[in-house]
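Every value quoted in this text rests on a predicted model; they were computed, and no experiment measured them.
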Amino acid sequence: MRFTKEHEWVELDGDVATVGITAYAAEQLGDVVFVEVPEVGKTLTAGDAFAVVESVKAASDVYSPVSGEVVEANEALSGAPETVNSGPEAGGWFAKVRVSNPAEVDKLMDRAAYDAFLATL
């Protein structure tokens, strides 16, 4: 699993990356009440806003850490947005993206680097 400074995570399986927000981000948001996931087939560039998560505190864009095409969206989140709070780095994923540039994943932080980054916040 790799992480961004914007608190997204990526887990690569072959050429498909599962993308979501970190436990830290979910905790900062508070109770998630709405999630808008991207459409299958949407082309993303790393850094693009591709999803929206709303909580009782705020609405936030979710940014794609990788470039590629959305091959699956977690539609279950529309009926159970609280999954983002209960399993942000598991069942609360937002989308699966067929990665067009695998080197982008290598540039992201590993768990130890992300934990060190969190310690500076």
Side-chain angles (χ1 to χ4, degrees):
M1 194 174 277
R2 297 292 187 142
F3 303 89
T4 71
K5 289 185 175 182
E6 292 75 32
H7 310 290
E8 287 90 18
W9 60 266
V10 175
E11 191 159 43
L12 198 58
D13 182 11
D15 65 346
V16 176
T18 303
V19 181
I21 64 170
T22 65
Y24 174 84
E27 182 181 311
Q28 295 302 304
L29 282 167
D31 293 336
V32 173
V33 296
F34 174 78
V35 175
E36 181 182 311
V37 295
E39 291 183 24
V40 171
K42 180 177 176 120
T43 301
L44 303 173
T45 300
D48 284 353
F50 80 104
V52 175
V53 61
E54 293 182 16
S55 71
V56 294
K57 291 182 180 178
S60 299
D61 286 331
V62 179
Y63 300 94
S64 182
V66 293
S67 301
E69 179 185 350
V70 176
V71 294
E72 186 178 346
N74 191 352
E75 299 292 347
L77 295 180
S78 63
E82 67 277 1
T83 307
V84 173
N85 293 114
S86 63
E89 295 176 17
W93 58 274
F94 287 75
K96 295 187 184 228
V97 178
R98 185 169 317 283
V99 177
S100 59
N101 183 359
E104 290 174 341
V105 176
D106 296 333
K107 294 178 184 174
L108 303 174
M109 293 179 278
D110 62 15
R111 175 73 70 179
Y114 181 67
D115 288 345
F117 169 68
L118 289 180
T120 68
L121 302 180

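With a 4.5 Å cut-off on side-chain heavy atoms, Val62 and Ile21 count as touching. Annotation: side chain of Asn101 is not in contact with side chain of Val66 (no heavy-atom distance under 4.5 Å).
Linking Ile, Leu, Val, Met, Phe, Trp and Tyr residues whenever their side-chain heavy atoms come within less than 4.5 Å leaves Val97 and Val52 in two separate clusters. Val84 and Phe3 are not part of a single hydrophobic cluster, where members link through side-chain heavy atoms under 4.5 Å apart. In this structure, Tyr24 is not a member of the same hydrophobic cluster as Val10, with clusters built from ILVMFWY side-chain heavy atoms closer than 4.5 Å.
When all heavy atoms of Ala58 and Leu29 are compared, the pair lying nearest together is O-CD2, 4.4 Å. In this structure, Ala95 and Val70 approach most closely via the heavy-atom pair CB-CG1, 4.3 Å. Closest of all the heavy-atom pairs between Ala23 and Pro88 is CA-CG, 3.6 Å. Summarising the geometry of Val19 relative to Pro65, their closest heavy-atom pair is CG1-CD, 3.6 Å, with the distance given to 0.1 Å.
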Cut-off 3.5 Å, no hydrogens considered: what does the side-chain donor-acceptor table look like for residues 111-121, sequence neighbours left out?
from, atom 1, to, atom 2, distance (Å)
Arg111, NH1, Glu89, OE1, 3.3
Arg111, NH2, Glu89, OE1, 2.8
Tyr114, OH, His7, ND1, 2.6
Tyr114, OH, Thr22, OG1, 2.9
Thr120, OG1, Phe117, O, 2.6

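Formation of a donor-acceptor pair under 3.5 Å by the Trp9 side chain with backbone atoms of Arg2 is not found in this model. Side chain of Asp15 to main chain of Ser100: no donor-acceptor pair is present (N/O by atom type, distance under 3.5 Å, no hydrogens or angles).
Put simply, CD on Glu8 and CH2 on Trp93 are 16.0 Å apart, with the number rounded to the nearest 0.5 Å. Going from atom CE of Met1 over to atom CG of Leu12 covers 11.5 Å, rounded to the nearest 0.5 Å.
Within 6.0 Å of CG on Asp13 lie no more than 12 heavy atoms contributed by other residues, nucleotides or ligands.
Sorted by first and then second residue, the side-chain hydrogen bond (donor to acceptor under 3.5 Å, both in side chains) pairs involving residues 56-83 (not counting sequence neighbours) are Ser67-Glu104.
When hydrophobic side chains of Ile, Leu, Val, Met, Phe, Trp and Tyr are connected at separations under 4.5 Å, Val71 ends up clustered with Val16.
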